[in-house]
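Predicted, not measured: the structure shown is a model, and the values here were computed from it.
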Amino acid sequence: MKGSFGMNLKKKFAAGFIFILTLAGIIISLSSYASKSGKSHQAAEEIVDGEESRSRTQDEQEEELESLLPEDTDASSAKGSDSCFTYEELPDGTLRITGYDEEKNTQNPYQVTIPSTIDGKQVSTLGKECLGEPYAGNLLELTISDGITTIEENIIENVSDIGLIKLPDSVISIDEKAFWRNDSLWPVVIACKDTSYAYQYAKENGYAYQVEEPVLSENAFLKEYRNRATMEIPYFAHIRTEGERYDYLTIEYRDNEIDKRLEGELIYHEPNEFLVLILDKKDGDILQCIDSSCMDTEKTTFCWLDGVWCQNFLSLADWNFDGEEDLCCNQGIFGTGAASFSSLFVYDADSGLYENVPEFLGIDSPSLRQDKECIYGFSRDGAATHYVDRYEYVDDQLTNVARLGQIVKEGSEVEIVDERLIDGKWQVYHQETFYPRDSSAEEPWQDAYEQSEILYVNDGYWDL
């Protein structure tokens, strides 16, 4: 990532006025006002000397002159016709951002900066749903300038792809739902100092965060890691997960390729890449680094993970039932959303490290059942055929020991096939077809399906 995420919101006017002004008094008045405006209009216009590379229509020039007039000027006209932001004045004299118009952003719609002052007045607040109306489809990185103190709820509700929000030390109030979209937490990264209010907010609310220069001892690992980095793409963000034995840092890398976007190149998918650092809880030493190099690259990679972020990548649980926490890494959701896969790394007491379990990657939508010491996998072969697979550890090897097939036939009957691994061989343990009791029902197959549930609900082996 580049060191600066900001953008220059100042708009450059034409080198000189094309109109011939006949009254010397008007010329002097406009020149004096333009000089003052150039110092305070960070979100509006700036008059500069020299030739303008972009031609302007006569209507635009007239609007430009009108925007400079000091008399009869309201809040909206003072911003100028090219301003990206709308705002309102609060009782204390500071400004509250109320809207952002991406179509008026001719500089950089991917990296946007909220200015600290507009028309010489301090911006203090980002208002509810202030970014993107009806939506900002290009905004990827948002920088909030120093001096802004308050962020209200759902400011990114209408921003579709934002990934990074840079917060200054001045921010001291952030709504619990400030960075939510569609009534749920949106996986943005909060970039800030680790001594700031924003850092504590990120930790308490489960956001990944980017720390440029770590101060707190808990982030000392970043300096060490940068000296040992094995990937060429730069560090982007991390999130810490506290475990019983170790602490775990999920490191996310992201290349938004903003330079290519600004040059007009179409970027259809943003690659992301992860790795997990296992840290000693006491002194923070890096004990192990888990990334795609320790797995079969023919089967999996940590790149191009669909719907995976720092927040949902890593989970801790005892997947092999030995009393130790294991690491489960989410590999994403595939197809129409019916399939999801994960990588499993189980703790090895002899080495004190984690070892990959290749067989786990073949389990569709794995679900841990501690009470039965098994793992269920859920898959389907079309809308009418569903399967549940049962996995157990046999002689320390993850083994598929049973499969329950649920098949809806054309006549609305439901066939159940229960196959199990018995004495090393697959056998049909039970097979039965259930028929709807009322064939005239709107969906008669559901009645047959409910009857078939008796087979595995009461049995206990398939207690789903």
Is it the case that more than 12 heavy atoms not belonging to [X] sit under 6.0 Å from its [atom1] atom?
X: E176; atom1: CD; value: no
X: Q427; atom1: CD; value: yes
X: D283; atom1: CG; value: yes
X: D183; atom1: CG; value: no

Could you walk me through whether E325 and S315 satisfy the side-chain contact (heavy atoms from CB on, under 4.5 Å) test, starting with their C-alpha distance in whole Å, then the side-chain angles of each, then the deciding distance to 0.1 Å, before giving a yes or no? CA-CA 10 Å; E325 282 182 334; S315 60; over 6 Å; no
Test item: [X] side-chain N/O and [Y] main-chain N/O as donor-acceptor pair under 3.5 Å:
X: E141; Y: I162; value: no
X: N182; Y: S184; value: no
X: D348; Y: E355; value: no
X: D395; Y: Q397; value: no
X: T399; Y: V401; value: no
X: D194; Y: L216; value: yes
X: N312; Y: G307; value: yes
X: Q288; Y: V276; value: no
X: D447; Y: R437; value: yes
X: E432; Y: V417; value: no

Set of residues satisfying salt bridge (Lys or Arg N to Asp or Glu O under 4.0 Å) with respect to D169, sequence neighbours excluded: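 Result, salt bridge (Lys or Arg N to Asp or Glu O under 4.0 Å) vs D169: K193.
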Do you know which two heavy atoms are closest between [X] and [Y], and how far apart they sit?
X: G323; Y: D318; answer: N-OD2, 2.8 Å
X: I190; Y: A202; answer: CD1-CB, 3.9 Å
X: K281; Y: G243; answer: NZ-O, 3.0 Å
X: L185; Y: N205; answer: CD1-O, 3.2 Å
X: S342; Y: C328; answer: CB-SG, 3.6 Å
X: E392; Y: C374; answer: CG-CB, 4.0 Å

Check the pair R245 / E324 against side-chain contact (heavy atoms from CB on, under 4.5 Å), numbers first and verdict last. CA-CA 8 Å; R245 180 178 294 274; E324 294 283 356; 2.7 Å; yes
Test side chain to side chain donor-acceptor pair (under 3.5 Å) applied to S343 and Q331, step by step: CA-CA 7 Å; S343 297; Q331 296 299 126; 3.2 Å; yes
If you draw the axis of the six-membered ring of Y461, does the NZ or CZ of R420 fall within 45° of it and under 6.0 Å from the ring centre?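 That pair qualifies as a cation-pi contact.
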Got a second to check how far E443's CD is from D438's CG, nearest 0.5 Å?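 Reported value, rounded in 0.5 Å steps: 13.0 Å.
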F313 CZ to I251 CD1 distance, which is reported to the nearest 0.5 Å: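 So the CZ of F313 and the CD1 of I251 are separated by 11.5 Å.
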Do [X] and [Y] have ring centres separated by under 6.0 Å?
X: Y449; Y: F434; value: no
X: Y209; Y: H238; value: yes
X: F236; Y: Y253; value: no

Kindly indicate whether the side chain of [X], heavy atoms from C-beta on, has any atom under 4.5 Å from the side chain of [Y].
X: P366; Y: F360; result: yes
X: N105; Y: Q107; result: yes
X: I290; Y: L275; result: no
X: N154; Y: R181; result: no
X: D364; Y: Y387; result: no
X: R390; Y: K372; result: yes
X: D418; Y: Q431; result: no
X: Y248; Y: L316; result: yes

What do the steps show when you test T94 against S124 for side chain to side chain donor-acceptor pair (under 3.5 Å), and what is the final call? CA-CA 6 Å; T94 64; S124 66; 2.8 Å; yes
Evaluate the side chain to side chain donor-acceptor pair (under 3.5 Å) criterion for residues T149 and S170: first the C-alpha distance (whole Å), next the side-chain angles of each, then the deciding distance (0.1 Å), finally the verdict. CA-CA 5 Å; T149 62; S170 61; over 6 Å; no
Any Lys/Arg nitrogen of [X] or [Y] sitting under 4.0 Å from an Asp/Glu carboxylate oxygen of the other?
X: K203; Y: E218; answer: yes
X: D371; Y: R369; answer: yes
X: E89; Y: K121; answer: yes

Pick from D101, N158, T86: which one makes a side chain to side chain contact (heavy atoms under 4.5 Å, CB included) with E133?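 The residue from D101, N158, T86 that satisfies side chain to side chain contact (heavy atoms under 4.5 Å, CB included) with E133 turns out to be N158.
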Among I165, I97, T125, L167, find the one that has a side chain to side chain contact (heavy atoms under 4.5 Å, CB included) with I151.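 When side chain to side chain contact (heavy atoms under 4.5 Å, CB included) is applied between I151 and each of I165, I97, T125, L167, only L167 qualifies.
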Does K128 form a salt bridge (charged side-chain N to carboxylate O under 4.0 Å, His left out) with E157? I'd like the steps, not just the answer. CA-CA 9 Å; K128 180 180 179 181; E157 180 65 32; over 6 Å; no
Whether [X] and [Y] hold their rings parallel, tilted or perpendicular, with breakpoints at 30° and 60°:
X: Y393; Y: F321; result: perpendicular
X: Y201; Y: Y197; result: tilted
X: W186; Y: W309; result: tilted

Take E415 and Q406 through the test side chain to side chain donor-acceptor pair (under 3.5 Å) and record every step on the way to the result. CA-CA 6 Å; E415 181 184 31; Q406 305 159 306; over 6 Å; no
